[in-house]
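Everything below concerns the one structure shown next.
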Amino acid sequence: MKLVSTALALALAGSFGTLAQAQQITGAGATFPAPVYSAWGEAAKSASGIELNYQAIGSGGGQNQILNRTVDFGASDAPMAPEKLESGKLLQFPTVIGAVVPIVNLPGVKANEIKLTGELLAAIYLGKITKWNDEKLVEMNKGVTLPSTAIAPVYRADGSGTTFVFTSYLSAVEPAWKDAVGASTSVKWLVGNGAKGNDGVAALVHQVKGGIGYVEYAYAAKNGFATTQLRNKAGAFVVPNPESFAAGAANADWGGAKNYAVSLIDQQGDKSWPILSTTFIELPKDPKDAAHSLAVMKFFDWAYTNGAKQAIDLQYVPLPQTVQDAVRASWKAEIKGPDGAPLYK
Amino acid sequence: MSQIAVAAPSIRPRRTGGAFGDKVFAAFALAAGLLVLVLLGAIIVSLFIGGLPSFRAFGLGFLTDADWDPVQHIYGAAVPIFGTLVTSVLALAMAVPLAFGIAFYLTELAPPWVRRPIGTAIELLAAVPSIIYGMWGFFVIVPAMGDYIQPHVIDTLDGIPVLQDLFAGPPFGTGLFTASLILAVMVIPFIAATMRDVFLTVPAVYKESAYGVGCTTWEVMRSIVLPYTRTSVVGGVMLGLGRALGETMAVTFVIGNTNRITANLFGSGNTIASLVALEFGESETGSLKLSSLLALGFILFVISFIVLAISRLLLRPRVGGRT
């Protein structure tokens, strides 16, 4: 017995020993990229010896924590305000791209059978269209039998980057939405019911006949929910899939945006999915602990080069190569150690 | 027995060590007591200071404004206050009669072999984490309400004044009524367990005397047991109300989370605790939104305080009279 416990203690001590050798980095923030960050964390641990401890506490919380320097990096879905980045001495860079898709619950209607436009989505969430057989919906969807069921709009009750992206899209395509509601991580919804989290929205839509909601594409794909087609800026109807997401991402004006705060909403191109967003990391330009900051950059460097597979598996879109190179250049130029020399080489 | 125990130390010679021990113990007890007061004060003060920018910006209107618009930075607390009070009061209205029935059955009517299993089951119900009630509510009660109960009630009451407005469609399944129902189930064990325990403290001789002069079971309950235990029964109800006021997760799942005031009990709403939990993660330091959430926390604190104060006030003459 004693021998066994001694052996156990030795084994434990051994494993702690190897753990201590791994470089630990901590980050906090957005929930939307949390699945891909944890997949990258798993893979990078063995590949690069960097161990990621990521707390998905929400974008607002992530911004607060990095401004207080309680973590090595912050993560947020909505880009941080430029003046806050300036005063907080932070560098902001994107990591992956994700899509938000509408989901519906209409018995007998298959995935991607319904065609919607941004204007119609806005009208539904403004309470102007209340029945599925509204003439505007019927006209758009000739050949699909739409029931007279009442439309039950579902939204995110918790503050979230998903809501920010969705309401930004509605604000971009429908001036009436911009005037009445606007875009934010949580807004003043005029109709419908709220649920907590992507899972909550998906579950509520699933339960209520005639329900419509919006979720990250990964949740819709994973659970086999009926997504819809959307009309993009070029006037073409597109199906939500990795190709249409990549098309939209490629058409964005990455070079023209300060702090990489590019809007991927409603991009040009007849193959582009209109509701896309990227998610950001905020890293101190004057790191308290240079070794940790360097490890953060090494981690995302590894993720850019080797993490595409994990991202695609989880239904995210990797960043275009040009953007990755630009981010690496920013690291070199902007993040300096205590001696003033760039950390990342 | 107790008299002997009290008298014994004075017979023995006094030991100095005992006096020192007493002092240490008294100081420790005082510190423990003060710590509670200091903690309570610190929480109130820090919530108030955190909420101050919001109180400054909106004044007393914060309490009556039904707008919660993070885009325009306009925050009002009327909707969550309304939702908190309505769901808690409705939950108590459902829970108190049931809990009373359970406690009365267990102490007066049930055969002895039934008392223990039912009593244990109630105590176990009280130990179920609130997230479990939330999930049960969302996956079982909400579909049942939406598919069967709400459509039926709405159709039946259609055309009857007042009632048709209190119970109106569309049948989402979620809403104030569903939230109250879940809350009622959650507070029943607290109230029932307290009531049962205090009913058991009524001396048998009182009850037997009453039965002896020909009282019915109900008369014994009304005239002997309830007056004897009134303080503790109200205490148990307040305990339940306290849990209902502050419940967060279970309510979030089933209340619908809309920021509108409605007279319709099947309509959805919001409570203070639920709104704070939902919005907290996306509130930036120093923002008016965070301040408004802290102000909401302060208001919830004050509401709980008022509830307790009222219950004390109601009970005061009775307590003074008996002891």
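Every chain is numbered from 1 and lettered A, B, ... according to where its sequence line falls, protein lines coming before strand lines.
Distance check: I74(B) CD1 to D65(B) CG gives 7.5 Å after rounding to the nearest 0.5 Å. Distance OG1/T174(B) to CD1/I255(B): 9.0 Å, rounded to 0.5 Å. One finds the CG atom of L163(B) at 13.0 Å from the CD1 atom of I154(B) (value rounded to the nearest 0.5 Å). Put simply, CG on L146(A) and NZ on K131(A) are 13.5 Å apart, with the number rounded to the nearest 0.5 Å.
Looking at T185(A), only its side chain comes within 4.5 Å of chain B, counting heavy atoms on both sides. Contact annotation for Y155(A): only side-chain heavy atoms (C-beta onward) come within less than 4.5 Å of a heavy atom of chain B. Looking at N270(B), neither its backbone nor its side chain comes within 4.5 Å of chain A, counting heavy atoms on both sides. Of the two parts of A203(A), the backbone and the side chain both hold a non-hydrogen atom closer than 4.5 Å to a non-hydrogen atom of chain B. Heavy-atom distances place no part of F280(B) under 4.5 Å from chain A, backbone and side chain included. Only the backbone of S160(A) comes within contact range of chain B, with heavy atoms under 4.5 Å apart. Of the atoms belonging to F253(B), not a single heavy atom falls under 4.5 Å from chain A. Heavy atoms closer than 4.5 Å to chain A are found nowhere in M135(B), neither backbone nor side chain. Contacts of L67(A) with chain B are absent, with no heavy-atom separation under 4.5 Å from either backbone or side chain. In this structure, the portion of S283(B) lying under 4.5 Å from any heavy atom of chain A is its backbone and not its side chain.
No donor-acceptor pair under 3.5 Å is formed between the side chain of T178(B) and the backbone N or O of V254(B).
The pair E284(B)-K84(A) counts as a salt bridge, with a side-chain nitrogen and a carboxylate oxygen less than 4.0 angstrom apart. Between D134(A) and K128(A) there is no salt bridge, since no side-chain N of the basic residue sits under 4.0 Å from a carboxylate O of the acidic one.
Of the listed residues (E279(B), R260(B), K289(B)), the one with the most heavy-atom contacts under 4.5 Å to chain A is R260(B). For the options V208(A), D158(A), N64(A), heavy-atom pairs under 4.5 Å to chain B are most numerous at N64(A). Interface check for chain B: of the options A195(A), S59(A), G61(A), the most heavy-atom pairs under 4.5 Å are formed by S59(A).
Other residues, nucleotides and ligands contribute over 12 non-hydrogen atoms within 6.0 Å of the CD atom of Q164(B).
You'll find the ring centres of Y219(A) and F32(A) outside the 6.0 Å limit.
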